[in-house]
Amino acid sequence: MNLPGLVDFHCHSTASDGSLAPAQLVEAAAAQGIGLMALTDHDTVAGLAPARAKAQELGIGWIDGIELSAKFAGGHLHILGYGFDPTHPGLLAGLSAFRQARKNRLTKILDKLSHCGLPLEEADLDLSEGTSPGRPHIAAAMVAKEYVKDQNQAFDEYLGHQGKAYADKEIFGPQETIALIKNAGGLAVVAHPISLYLKRSELADYLEYLKGLGLDGIEAYNSSHQNDQCNRLVKIAAQLDLLVTGGSDFHGTAKPLVQLGRLKKGRKILSKWISPQFFDTLGIETT
């Protein structure tokens, strides 16, 4: 295929914590002019089949994706997977463990909120069948109950890392998380590396360590990054011989300022910024 100008390799549907159903998400991407995309729901491949089918119907280039969390002290380590076998037994077993950890965390958070005088039941959350529950679902329920004015307040005061009701869900370290993706034949990429909250020299060292565990690339372009941070990450990727990818991290209503195929201030995510080897490895022709 001829590479389209506009791409997005990081977005979420109702299969995890997005507000658009998988097929609706693809339709929205098409309306934005995106020509090649990946769905990267948290800990689940449930949305891939309907999204992929809609992409084929609309003539949009498609990559199967996922986003997994790994244990990391201080910040957030999320690993994106691309081009893996979504039926791989080892991956599915790992995803089952991830989803159980999410359910366990949900119980812990609801219990902590109750102790804060903000009772919520799982039935209060807008969870369709098969949805992987996340903190945005809880935040939306808190807004609906008028416990907080908006989801930002819910995260700032209760659900964020320093929040009164925060509970951890990470069960695997980076080696195990990367291995789940690699063993299923996929590429492993660090999502929004700035969220690791490491100093510049520490970030390069840690990414080099992850490369030793099998990491293939970093998401240099993300809507949470400032332009100078994107440029810095591109340089680190070149220094470490890692692939460069990009994605909006679109969730819909949970992140209303984030647009599909866009970075901060509406800057487009362009295919020319993505490492050619990313497309080559996934078997996407670029001529």
Side-chain angles (χ1 to χ4, degrees), residues 1-13 22 25-26 28-30 32-41 45 47-49 51-68 78-88 91 178 180-193 207 210-211 213-223 225 230-250 259-263 267-287:
M1 65 177 291
N2 291 323
L3 280 180
L6 191 59
V7 297
D8 195 336
F9 303 130
H10 188 169
C11 50
H12 300 273
S13 76
L25 178 70
V26 176
Q32 290 289 338
I34 293 169
L36 178 61
M37 66 180 295
L39 174 63
T40 54
D41 277 319
V45 295
L48 293 181
R52 188 191 311 118
K54 179 58 68 173
Q56 291 172 347
E57 176 188 327
L58 297 177
I60 294 178
W62 181 260
I63 300 169
D64 283 342
I66 199 165
E67 184 173 10
L68 305 175
H78 293 184
I79 308 294
L80 295 162
Y82 297 108
F84 51 85
D85 174 6
T87 67
H88 187 272
L91 175 65
I178 291 172
L180 282 176
I181 296 167
K182 302 289 287 185
N183 291 342
L187 294 175
V189 173
V190 172
H192 38 66
L207 291 172
L210 293 179
K211 181 181 178 181
L213 300 180
L215 185 74
D216 297 291
I218 60 176
E219 186 182 52
Y221 298 100
N222 182 278
S223 63
H225 296 167
C230 294
N231 296 335
R232 185 191 318 157
L233 289 166
V234 169
K235 291 179 181 178
I236 291 176
Q239 171 189 334
L240 299 178
D241 193 25
L242 289 168
L243 302 177
V244 168
T245 71
S248 64
D249 201 4
F250 177 85
Q259 298 176 285
L260 281 164
R262 301 294 194 276
L263 303 174
R267 191 160 67 124
K268 294 180 178 180
I269 303 171
L270 302 176
S271 60
K272 65 182 182 180
W273 296 343
I274 311 302
S275 297
Q277 296 90 338
F278 176 74
F279 303 116
D280 293 343
T281 305
L282 295 176
I284 298 172
E285 295 182 4
T286 58
T287 57

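The structure presented is a predicted model; accordingly, all values stated were derived computationally and were not measured. Side chains included, hydrogens not; waters and symmetry mates left out as well; all remaining heavy atoms used.
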Problem set entry | Donor-acceptor contact below 3.5 Å, side chain S248 vs main chain R262 | no
Problem set entry | Heavy-atom side-chain proximity of L180 to F84 below 4.5 angstrom | no
Problem set entry | Under 3.5 Å: donor-acceptor pair, side chain of H12, backbone of L39 | no
For this session: Indicate yes or no for a side-chain donor-acceptor contact from H225 to the backbone of A220 under 3.5 Å, with no hydrogens or angles considered.
Result: yes
Seminar exercise, completed: Separation between SG (C230) and CG (L263), nearest 0.5 Å, reads 5.5 Å
Exercise. Which one of V244, T281, V234 satisfies the side-chain contact (heavy atoms from CB on, under 4.5 Å) criterion with S275?
Worked result: V244
Exercise. When rounded to the nearest 0.5 angstrom, what is the spacing between NZ in K54 and CD in E57?
Worked result: 3.5 Å
Exercise. To the nearest 0.5 Å, what is the distance between CG (L207) and CD1 (I236)?
Worked result: 6.5 Å
Exercise. What orientation do F278 and F9 show, parallel under 30°, tilted 30 to 60°, or perpendicular over 60°?
Worked result: tilted
For this session: Would you give the length of the straight line joining atom CG of L210 to atom CD1 of I178, rounded to the nearest 0.5 angstrom?
Result: 5.0 Å
Problem set entry | Student check: side-chain heavy atoms of D64 and V45 closer than 4.5 Å | no
Exercise. Are L3 and L36 close enough, and set up right, to give a side-chain contact (heavy atoms from CB on, under 4.5 Å), and what steps lead you there?
Worked result: CA-CA 8 Å; L3 280 180; L36 178 61; 4.0 Å; yes
For this session: Measure the spacing between OH of Y221 and CD1 of I269 and express it to the nearest 0.5 Å.
Result: 10.5 Å
Problem set entry | Side-chain donor/acceptor of H88 to backbone N/O of N183, under 3.5 Å | yes
Exercise. Which heavy atom in S223 sits nearest to a heavy atom in D249, and how many Å separate them?
Worked result: OG-CB, 4.3 Å
Exercise. Should H78 and E219 be marked as a side chain to side chain donor-acceptor pair (under 3.5 Å) after you check the CA-CA gap, both sets of side-chain angles, and the distance that decides it?
Worked result: CA-CA 10 Å; H78 293 184; E219 186 182 52; over 6 Å; no
Exercise. Would you say the side-chain atoms of S271 pair up with the backbone N or O of L6, donor to acceptor, closer than 3.5 Å?
Worked result: no
For this session: Start with the C-alpha gap between L243 and F279, add the side-chain angles, then the distance that decides, and say whether side-chain contact (heavy atoms from CB on, under 4.5 Å) holds.
Result: CA-CA 10 Å; L243 302 177; F279 303 116; over 6 Å; no
Seminar exercise, completed: Here the pair of heavy atoms bringing I218 nearest to A237 is CD1-CB, 3.8 Å
For this session: Give the minimum heavy-atom separation between G247 and D8, together with the two atoms involved.
Result: CA-OD1, 3.3 Å
Problem set entry | D85 side, atom CG; I181 side, atom CD1 - distance, nearest 0.5 Å | 13.5 Å
For this session: List the atom of A30, the atom of L58, and the distance in Å for their closest heavy-atom pair.
Result: CB-CD1, 4.0 Å
Problem set entry | Test log, rule side-chain contact (heavy atoms from CB on, under 4.5 Å), inputs K182 and D216 | CA-CA 9 Å; K182 302 289 287 185; D216 297 291; 2.8 Å; yes
For this session: In sequence, state the C-alpha distance, the side-chain angles, and the governing distance for D241 and K211, and then conclude on side-chain contact (heavy atoms from CB on, under 4.5 Å).
Result: CA-CA 9 Å; D241 193 25; K211 181 181 178 181; 3.6 Å; yes
For this session: Taking the side chain as every heavy atom from C-beta outward, state whether L233 and N222 have any pair of such atoms under 4.5 Å apart.
Result: no
Problem set entry | Minimum heavy-atom distance A188-I79, with the two atoms named | CB-CG2, 4.0 Å
For this session: For residues R267 and W273, report the shortest heavy-atom separation together with the two atoms involved.
Result: NH1-CH2, 3.8 Å
